[in-house]
Amino acid sequence: MSEFKKKILVLGLGGAGCNTVARIAPHAPDGMEFAVMDCDFQTLETCPSIENRLAVGRALTDGMSTGGDLEVGRRCAENAVGQIEPLLSGIDLLIVIVGLGGGFGTGAAPVIARMARGFGATTLFFTILPFSFEGMVVQGKANSSIRKLRTYADAIVQMPNALIQPEGDVLLEDSLDRSSRTLAAGVIGLWRMLAYTGVCNLDFTSLHTMLSYCDAFCRFACATATGEGRADALIDSLRDHPLVKDSDVFEKAPGIIIGITGGEDLKLSEVQKITEALTPKGEECWVKLGIATDPAFAGRISAMVLAAEAWKEPLVDDGRGGLKPVSGDGKQGELSGVLKPRSRTFGGAERTIWNGEDLDIPTFSRRKIKLPR
Amino acid sequence: MEATPLITALEIGTTTIKVLMAEVREDGSLIVAGLGECESRGVRKGEIVDFELALDAVRRAMESAEAVAHKSIGESVYLVASGGRAESLLHIGGIPVLNEYEQPHGEISAEDIDQVLEVARKIPLSDDRIRLHTLQQNFEVDGRGGIVNPERMVADELRVGMLLIHGQRAVVENLKKLTENVPVVCADAAFGGFCSALAVLTPEQKRAGVVVIDLGGGTTDFIVYNSGLVKLTGSIAVGGDHVTADICSGLNLNRRQAEALKKESGSALINRLQGGQDISIPAEGGFSGRVVRAATLHTIMNARMEELFKMIADKIEAEGLAGMLNAGVILTGGGSAMEGVADLAQQVFNAPCQVGRIHDCVGLSTKQEGARFAAAIGCVRYAASQIEPEAPARARWKVWLSKLWGGGSNE
């Protein structure tokens, strides 16, 4: 890889994350970098193909699992800053795969997101949500983790386990395989778009724009088709993708990235057809198209779609422990319910905003009153 | 004779948690039986930021109150919901008055009054707000306002206003949840500003027009009375903590030093006489001692307090109540102990200002103490007024019975 390439790292967190990464890694194209992290050393041993294996929290769990305690997970990650730092530094895009609802992944994910933000990396979280039969406690943990993640991660793709199952009565192994294949297709597709110089390049900055404006939640779909009428087949299978089926992203998404990969036999008419079918009709929609050709895709055509659920101005750290929109035009009120700015001086209580003025800042400095010395 | 039950008020403030156990006598005067205080922890700006710490502090305050009273708190407490970003909303409901032929223009009956009150009480509130009090205003008969009892008057239309005091649901519910975890039952929650007013205002002041400002540690509540009724309330999440934080940042001191400096040498007015004085801050571990000028300290405090009062004054003016504060400004809460704060309020509101005094209350040591406990005492009064209505109802029933039986009961 040349030095101009952006560095992308795929990180598996916790049991589910490690398993998934271990399943993806053998199918990954050359040059794709993986890492796994868990406090359960047994899990790490099951993915020998990964070079970067981070065993954290030895002092807390002694190499065992967290036992479903997400506080322990959080502390494991926080204590392992020294180990995580060299892994994250210099990374431009961090793709994290994590299964929420357990202990380590659920607790550590927000910590990792915060650290990555500290290193200036764009973060994309693929979160696997638990089945409903796993119970309310697990669901609750997953939801609380999503809420925390939302503060720090640039984008979160939620994949409820129940949605990505094959139809009918299937073997457990098949089911797991299906989950990880859905994920793998997405992660690899995204990586390929960014790593290969395409005919119509999807660059890193476009992805960054998308991720920072998408208000944390993204929908994701990918599909591959071959043979006669492959463009139509591709469109149909994208629309039927379990993660977008119940939503109206292809009609209403405010922002969308479409990445198409084909062999040297990719036709313009096909690209046009796919793009027209997938682009939402709204005038305001932010669309970015990426097309790459790869000899290995001869006869095949593959596409991935990343669509924003909402479009909001990205929040930046205002240096006072809170987040504010980039333009900072005093529209602080609109954020209510999403991310209430918290005050550092007053122990994390909500900031006092009165007529657009932040009353937590000393009056004399807001009024520019000169203090007699 | 059965002992009068004690009413317990719990105020979870930003600086202190206060528990007051008191007895309300028939003539309305209050006897304080137990008083417990504990430094508040885990509360900022009147909202809970650390549940466990706050719970612990509440328990300790309750224990100390019980120790003073030599009695148990019992099952339920009344909660002072200070802060919670309370706001008031005036809603006017009206009904046409019909005569016996179901035509407009008729005599106002008791049913009409009940109906209009019901209509006015139905105020839509967004999901994140919680209703604290619904206070009735005077009736309006055919556009003529200020009518206390319109019964048997002839009119086309009867209208009545309802002032709804509402707070932030999450904040109030968290306070309630905290009490339930103590564990005691939270019988009711009352708005802190309203409670303070109940404790310090006389009926004459309420009629003349007055604003009560409760200067708390994390929040400042205010309530405006005119012609005997509550006209406006509000709560601003700025309080004594902000003054301390300003001193911290303006003079580069730590929190404890700033707090001590504020209490010992602080003033809300920039006093020319004292302005030249130097205040020395003693050395302590890692801090080599410093001298600050009184003028600097006072400028910082003056700026904050003046701004706070101006915000309240602006609110009052926006509601058109500015010229109606004949009885002036009454200050309560811990912040009322600040030097010069009454004089500053007098300047800003251009009305007489004094620190509130508790009336009809036995058992509190000093006047100053009184202003600090105003909300808790008012809360007991409020609780008593909530309990009372049962008694007259029974009495009326007895009157009716005695009429029936020819006055048998001589109770």
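Within every chain, numbering begins at 1; the chains are lettered A, B, ... in the order of the sequence lines, protein sequences first and strands thereafter. Everything quoted here is computed from the prediction, not taken from an experiment.
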Inset, instruction - May I ask you to test the A:E357-B:E307 pair for a side-chain heavy-atom distance under 4.5 Å? - result: yes
Legend entry - Heavy atoms from other residues, nucleotides or ligands near CD of B:E317 exceed 12 (cutoff 6.0 Å): no
Legend entry - Flag if over 12 foreign heavy atoms under 6.0 Å of CZ, B:R131: yes
Inset, instruction - Would you mind telling me which of B:C248, B:G218, B:A303, B:G42 has the largest number of heavy-atom pairs within less than 4.5 Å of chain A? - result: B:A303
Inset, instruction - Using a 4.5 Å cut-off on heavy atoms from C-beta on, say whether the side chain of A:I369 contacts that of B:N302. - result: no
Legend entry - B:K262 NZ: over 12 foreign heavy atoms closer than 6.0 Å: yes
Inset, instruction - For A:R75, look at atom CZ and say whether over 12 heavy atoms of other residues, nucleotides or ligands are found less than 6.0 Å away. - result: no
Legend entry - Gap separating the CZ atom of A:R366 from the CZ atom of B:R304, nearest 0.5 angstrom: 5.5 Å
Legend entry - Criterion side chain to side chain contact (heavy atoms under 4.5 Å, CB included) against A:P362, the qualifying member of B:I300, B:D246, B:I247: B:D246
Inset, instruction - Could you pull out the closest heavy-atom pair between B:G250 and A:F364, with the gap in Å? - result: CA-CZ, 3.4 Å
